[in-house]
Amino acid sequence: MKKFKPRIKLITHSQSGCNNRALFNDMPDYIAKKYDVQLIESQLFTQLNHEIGDSEIVITTHCSHTPKKGQINVELWHGFGPKTARVMEQKNRTFRNSLEHQYLHFKEMNAIASFSPFCSYMVNGGFLASGHVYHVTGMPRNDVLLKGKKTFDFILDQDFSSKKIVFYAPTWREQIYNLEKSDGYKNWSNVFGFFDFNKRIFENFLVNNNIVLIIKLHPFEEKMFSSKVDELIGENMYLLTNTKLEEKNVQLYELLGSTDMLMTDYSSIYIDYLLLNKPIVFIPPDLKDYEDSRGLWLSPFDFWSPGPKTYNQEDLQVQMLYSLKDNEYYLRERNEVTNLIHYYKDASSSERVWEMIDRLWEGEDSNIRKEVKDESTEVALLKDSIKNQIHILCEELKLDEAEDLIKELENEIGIDLDIQIMKASIAYLKKDFYSAIWILREANINFANNIEILFNLAFMYKVDGDLRKSLYYFEKLLSLSIQNHESPLMNYYNQIRDNANLHLEEINMLLGVD
């Protein structure tokens, strides 16, 4: 019989620098043995309730799954850049950016990966999460960036070995997911958005200087404008699409290490690219419009964009040559911003994220635990008195009255172990096994490795007929060592363990396990 393993679902949306793809591809052996890990393909902003609704751990990169009590919810996000996000955006045009949505979404979030304490502080201005959920791990996709060995020769079927490769990745202005939303202004008469541009002169510039320009649109805009860009590109210019990445099964960040320079405007890609310590040229022709519509939280932009800023074709060509010929050009500025944003500069972010996830599941990370308020003796006595009333009501099967009293108590004292167990007991008495299980799953996250919760959870899965999960939790319970042998509760704990052993024997007999 294949034993149950806690299920981890990683939701991915594209090959363009997805943290979950990078995390999945760099999975340690101990994670693969301990968990059932799946990478789930999804369209952006599509709820995957059926595929991940019952998973123990859900990991997202675009807040694409509403966090659920009873699951461990981890958000890796998809980049940190100069532009604002969520409630910090200048114009909140959608419910997704509203204060209400942010509160509802992030109140059940267990962990958010971050580049650094500075980034945690900045990002939370848009997310409004609890500060303790941030974990400074670095981003898994940057492991791919630093270790990637693939070249554009492979993906574009060309020989670029003797050429300088410049990668141009502008951020999006328009998108297909929210047609009313537009940030800044893009002049689509040329790929850079300049109002005065001569394509023939630029082609000659690339050819004469042995430069290849590879253009990658933001995934939001690719479906809308890739055909338009196809018409605008010329000699020594290539358009890289998500389709090409998928055909070759290559992540974008596997390729970036083979470039000689990056060009962008406000895209978060340059924050990651800083780890390569290669030149960056910025092309922000609509800076004023972008600040007015979207907003920049890394300000002034001139400081946080460590490279020359170009606003016309002639200056762009000059700055491209300077940057390609002299790696010291803007080196001091790049190092300054890199040190402010990147706490880690190694290729071990995936390892740290997996360790964080494992600690969360095992209850070894104090960040996941809810704060417990100090209480006076009088409050403790009152709480115990109310709990006794609830127990009496349950014994008399006055379950609705017991639930009402529990709600009152919960409003007063917040998260409490006994309350969680009583709520599950009432659901069990009502034969609502589904609710009982999810209440206990939530309790197991808040009070990890509590022997009573594990017993009740294992028992409920057995009653519900899921013997594999019941077996898992009974075995987990029995694997715990009880430390204080002088405790007056020791006899009680031993009774629970003896009872668990009896259940375990019965389950193994039912499953035909020796």
Side-chain angles (χ1 to χ4, degrees), residues 3-9 35-36 49 52-58 66-73 107-110 359-365 368-370 372 387 390-391 393-395 397 399-400 402-403 405-407 409-410 413-480 482 489 492-493 495-504 506-507:
K3 286 196 171 185
F4 170 78
K5 297 193 289 186
R7 295 154 297 178
I8 300 177
K9 299 291 174 66
Y35 300 94
D36 176 8
N49 296 327
I52 65 177
D54 194 32
S55 303
E56 280 67 37
I57 304 168
V58 180
T66 302
K68 183 178 179 181
K69 291 181 179 181
Q71 288 177 327
I72 291 177
N73 302 281
K107 71 173 185 167
E108 300 301 335
M109 189 63 67
N110 301 113
R359 289 197 308 271
L360 291 173
W361 176 251
E362 292 298 340
E364 296 170 0
D365 198 310
I368 202 170
R369 298 175 186 274
K370 310 291 184 183
V372 179
K387 287 180 180 178
I390 294 170
H391 280 300
L393 289 171
C394 288
E395 288 174 1
L397 294 181
L399 304 181
D400 291 337
E403 280 186 322
L405 201 53
I406 282 176
K407 287 176 184 176
L409 183 58
E410 203 167 21
I413 67 174
I415 299 295
D416 181 88
L417 173 62
D418 293 334
I419 286 179
Q420 297 289 87
I421 292 175
M422 285 190 289
K423 285 168 64 177
S425 298
I426 291 172
Y428 168 67
L429 292 171
K430 287 187 169 184
K431 299 193 182 303
D432 184 358
F433 303 148
Y434 177 85
S435 295
I437 285 171
W438 278 93
I439 291 167
L440 290 167
R441 281 179 57 161
E442 180 189 1
N444 190 44
I445 291 172
N446 292 328
F447 306 96
N449 295 328
N450 177 276
I451 194 168
E452 291 180 273
I453 290 174
L454 287 172
F455 181 88
N456 281 284
L457 188 54
F459 176 75
M460 282 308 310
Y461 272 125
K462 182 184 174 187
V463 170
D464 198 42
D466 197 332
L467 298 183
R468 289 173 65 248
K469 290 180 191 172
S470 179
L471 184 70
Y472 172 84
Y473 285 102
F474 275 129
E475 287 183 339
K476 188 175 180 68
L477 181 161
L478 292 168
S479 70
L480 298 176
I482 310 264
L489 293 174
Y492 176 59
Y493 289 148
Q495 287 175 17
I496 291 177
R497 295 172 71 87
D498 291 343
N499 205 348
N501 269 312
L502 292 175
H503 282 286
L504 202 59
E506 183 182 348
I507 291 170

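What's counted below: heavy atoms across the whole structure, side chains too, no hydrogens, waters or symmetry copies. We number each residue from 1, following the sequence as shown. Since this is a predicted model, take the numbers as computed values, not measurements.
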From [atom1] ([X]) to [atom2] ([Y]), nearest 0.5 Å:
| X | Y | atom1 | atom2 | answer |
| --- | --- | --- | --- | --- |
| Ile496 | Leu478 | CD1 | CG | 11.0 Å |
| Ile437 | Asp464 | CD1 | CG | 4.0 Å |
| Ile72 | Asn110 | CD1 | CG | 6.0 Å |

For this session: Give the intermediate values and the outcome of side chain to side chain contact (heavy atoms under 4.5 Å, CB included) for residues Tyr473 and Asn444.
Result: CA-CA 11 Å; Tyr473 285 102; Asn444 190 44; 4.1 Å; yes
For this session: For atom OH of Tyr428, decide whether the heavy atoms of other residues, nucleotides or ligands shown that lie under 6.0 angstrom number more than 12.
Result: no
For a 4.5 angstrom cut-off between non-hydrogen side-chain atoms, does [X] reach [Y]?
| X | Y | answer |
| --- | --- | --- |
| Tyr472 | Tyr461 | no |
| Gln71 | Trp438 | yes |
| Lys476 | Glu362 | yes |
| Phe4 | Leu471 | no |

Under 3.5 Å, side chain of [X] to main-chain N/O of [Y], donor-acceptor pair present?
| X | Y | result |
| --- | --- | --- |
| Ser470 | Ala458 | yes |
| Asn73 | Val58 | no |
| Ser425 | Ile421 | yes |

Do you know the tightest heavy-atom contact between [X] and [Y]?
| X | Y | value |
| --- | --- | --- |
| Ile453 | Leu440 | CG2-O, 3.7 Å |
| Ile426 | Cys394 | CG1-SG, 3.6 Å |
| Ala500 | Leu477 | CB-CD2, 4.0 Å |
| Arg441 | Ser55 | NH2-O, 2.8 Å |
| Phe447 | Leu417 | CZ-N, 3.5 Å |
| Gly70 | Ile445 | C-CD1, 3.6 Å |

Which residues pass the salt bridge (charged side-chain N to carboxylate O under 4.0 Å, His left out) test with [X], sequence neighbours left out?
| X | answer |
| --- | --- |
| Arg7 | Asp54, Glu56 |
| Asp36 | none |
| Lys430 | Asp400, Glu403 |

Problem set entry | Sequence-distant partners of Phe474, ring pair (Phe, Tyr, Trp, His ring centres under 6.0 Å), two or more places apart | Phe455, His503
Problem set entry | Pairs satisfying salt bridge (charged side-chain N to carboxylate O under 4.0 Å, His left out), at least one member in residues 415-429, at least two apart | Lys383-Asp416, Lys387-Asp416, Lys387-Asp418, Glu410-Lys423
For this session: Name all pairs fulfilling the salt bridge (charged side-chain N to carboxylate O under 4.0 Å, His left out) condition that reach into residues 447-463, sequence neighbours left out, sorted by first residue then second.
Result: Lys462-Glu506
Exercise. Between Leu360 and Ile57, is a side chain to side chain contact (heavy atoms under 4.5 Å, CB included) present by the stated rule, with each step listed?
Worked result: CA-CA 10 Å; Leu360 291 173; Ile57 304 168; over 6 Å; no
